[in-house]
Amino acid sequence: MRRGLLFTKTFFPVFLLLLALLVLGAIASLLFGARSLSVQEVLGGLFGAGEGLYEASVVQKRVVRTVFALCCGAALGIAGVLMQAVTRNPLADPAILGVNNGAAFFVVCGIAFFQMNTAREYIWFALAGAFVTAVFVLGIGSMGRGGASPLKLVLAGAATSAALSSLVTAVLIPRLNAMDEFRFWQAGSVGAGTWDSFWLLLPFLIVGVIAAVISAPAMNALALGDETATGLGVKTAFMRYVAALAGVILCGAVTAVAGPIGFVGLLSVHVIRALLGPDVRVLVPMSALAGAVILTVSDVVGRLIGRPGELEVGVLTAFIGAPLLIILALKAKVRAV
């Protein structure tokens, strides 16, 4: 019975640790970049007490970038929780299931055929692409004997992702202007984040968070099996659709404004599940915190490694996440969550 408690004895230490890492990551994001700033320069830029216009401008841009990275990381962390809960697949992640590439393909079509060039235009295409791809992968992965097993879903996602990558290339090659527009966006970066991007993302983040919180108890019941969940009074099909749609909205919105950033959901959920257990009610908020920390710290590391330029955060998260995926896949058994 104690294992089912929402707040275990490790919850608050882990929460405080994540909160401390979040604050430290945000401070580092303000201090470090192509040119490091002192604490006094940052405070002066924040409160208008600085003497240098350059420092004030840099601080304001880094504030936007930091807030944007925190929100994108939180959204991807929650999306990872929902996708793993819906599919009962511990390897599920927007990138692994092909959802990121689905959003990217639709955005490429928008750039190439409709001359789109702003996040406000990208977002609806990205959401449509993420939704269509998620439905397709779940449908393919559910075919055959045994239904949607973890391995079948990963294979379906990998195959779909590879096919979509080929289609993206096929659309871009004869269109050099579209390739130039798409090239930076494809790497996945929070460096181009603005307050407009943040306000564009915020409504989708709010909707996704509300849907995740509402569906979390049902996802716990679904982990026991559909028959048991139905016996507990859970509307299994409806709640599964709500959770899946929330995950697609969060992933698609982030992909539209920041590009396809992979493995943040996988990393954050596995870290939190290892520390606090499988309760989805705990995983949703704590994975949001962990995702925000991972993306913000990765962005800072990318800036330090790539000086005087920067290494896109999507490259770093893939570099860290790919080995984790291999380790998880090589375990003796891939169990349902």
Query raised in the report: Side chain of N220, backbone of D279: donor and acceptor closer than 3.5 Å?
Result: no

Query raised in the report: What residues, two or more places apart in sequence or in another chain, satisfy ring-ring contact (aromatic ring centres under 6.0 Å, His included) together with F125?
Result: F114

Query - By side-chain contact (heavy atoms from CB on, under 4.5 Å) - contacts of S166 (at least two apart) - result: none

Query raised in the report: Excluding sequence neighbours, so at least two apart, what forms side-chain contact (heavy atoms from CB on, under 4.5 Å) with V300?
Result: A28, S29, F32, R303, L304

Report task. Mind checking side chain to side chain donor-acceptor pair (under 3.5 Å) for T230 and listing every partner two or more places apart, or none if nothing turns up? Result -> none

Query raised in the report: Under 30°, 30 to 60°, or over 60°: which ring-plane class applies to F15 and F11, parallel, tilted or perpendicular?
Result: parallel

Query raised in the report: Do Q84 and L266 touch side chain to side chain, with heavy atoms closer than 4.5 Å?
Result: yes

Requested in this report: List in chain and number order the residues that pass side chain to side chain donor-acceptor pair (under 3.5 Å) with S165, two or more places apart in sequence or in another chain; answer none if no residue qualifies.
Outcome: N101

Query raised in the report: Which residues pass the salt bridge (Lys or Arg N to Asp or Glu O under 4.0 Å) test with R240, sequence neighbours left out?
Result: D226

Query raised in the report: How long is the span from the CZ atom in F198 to the CG atom in L205, to the nearest 0.5 Å?
Result: 8.0 Å

Requested in this report: Check side-chain contact (heavy atoms from CB on, under 4.5 Å) between A243 and all other residues, then give those that pass, not counting sequence neighbours.
Outcome: L82, V86, S215, M219

Query raised in the report: By side chain to side chain donor-acceptor pair (under 3.5 Å), which residues pair with T317, not counting sequence neighbours?
Result: none

Query raised in the report: Hey, does the side chain of Q60 reach the backbone of G45 with a donor-acceptor pair shorter than 3.5 angstrom?
Result: yes

Report task. To the nearest 0.5 angstrom, please state how far the CG atom of L289 sits from the CD1 atom of I294. Result -> 11.0 Å

Query raised in the report: Judged by atom type as modelled, is there a donor-acceptor pair below 3.5 Å linking the side chain of S268 to the main-chain atoms of G265?
Result: yes

**Report entry** For L17, all residues meeting side-chain contact (heavy atoms from CB on, under 4.5 Å), sequence neighbours excluded
**Finding:** L21

Report task. Mark yes or no for whether R273, through its side chain, and L283, through its backbone, hold a donor-acceptor pair below 3.5 Å. Result -> no

Requested in this report: Check whether any side-chain heavy atom of E121 lies under 4.5 Å from a side-chain heavy atom of I111, and answer yes or no.
Outcome: no

Query raised in the report: With sequence neighbours excluded, what pairs up with R35 under the salt bridge (Lys or Arg N to Asp or Glu O under 4.0 Å) test?
Result: E41, E55

Query raised in the report: Does the pair F113 and V171 meet the rule for a side chain to side chain contact (heavy atoms under 4.5 Å, CB included), with working shown?
Result: CA-CA 9 Å; F113 303 122; V171 172; 4.2 Å; yes

Query raised in the report: By side chain to side chain donor-acceptor pair (under 3.5 Å), which residues pair with T228, not counting sequence neighbours?
Result: none

Query raised in the report: Which atom pair, heavy atoms only, marks the closest approach of V264 to G73?
Result: CG1-O, 4.1 Å

Requested in this report: Given side chain to side chain contact (heavy atoms under 4.5 Å, CB included), test Y122 with T255 step by step and report yes or no.
Outcome: CA-CA 9 Å; Y122 293 162; T255 302; over 6 Å; no

Query - Note, I261 side chain near L76 side chain (heavy atom, < 4.5 Å) - result: yes

Report summary line: Residue pairs meeting ring pair (Phe, Tyr, Trp, His ring centres under 6.0 Å), one or both in residues 204-248, sequence neighbours left out, come to W124-F204

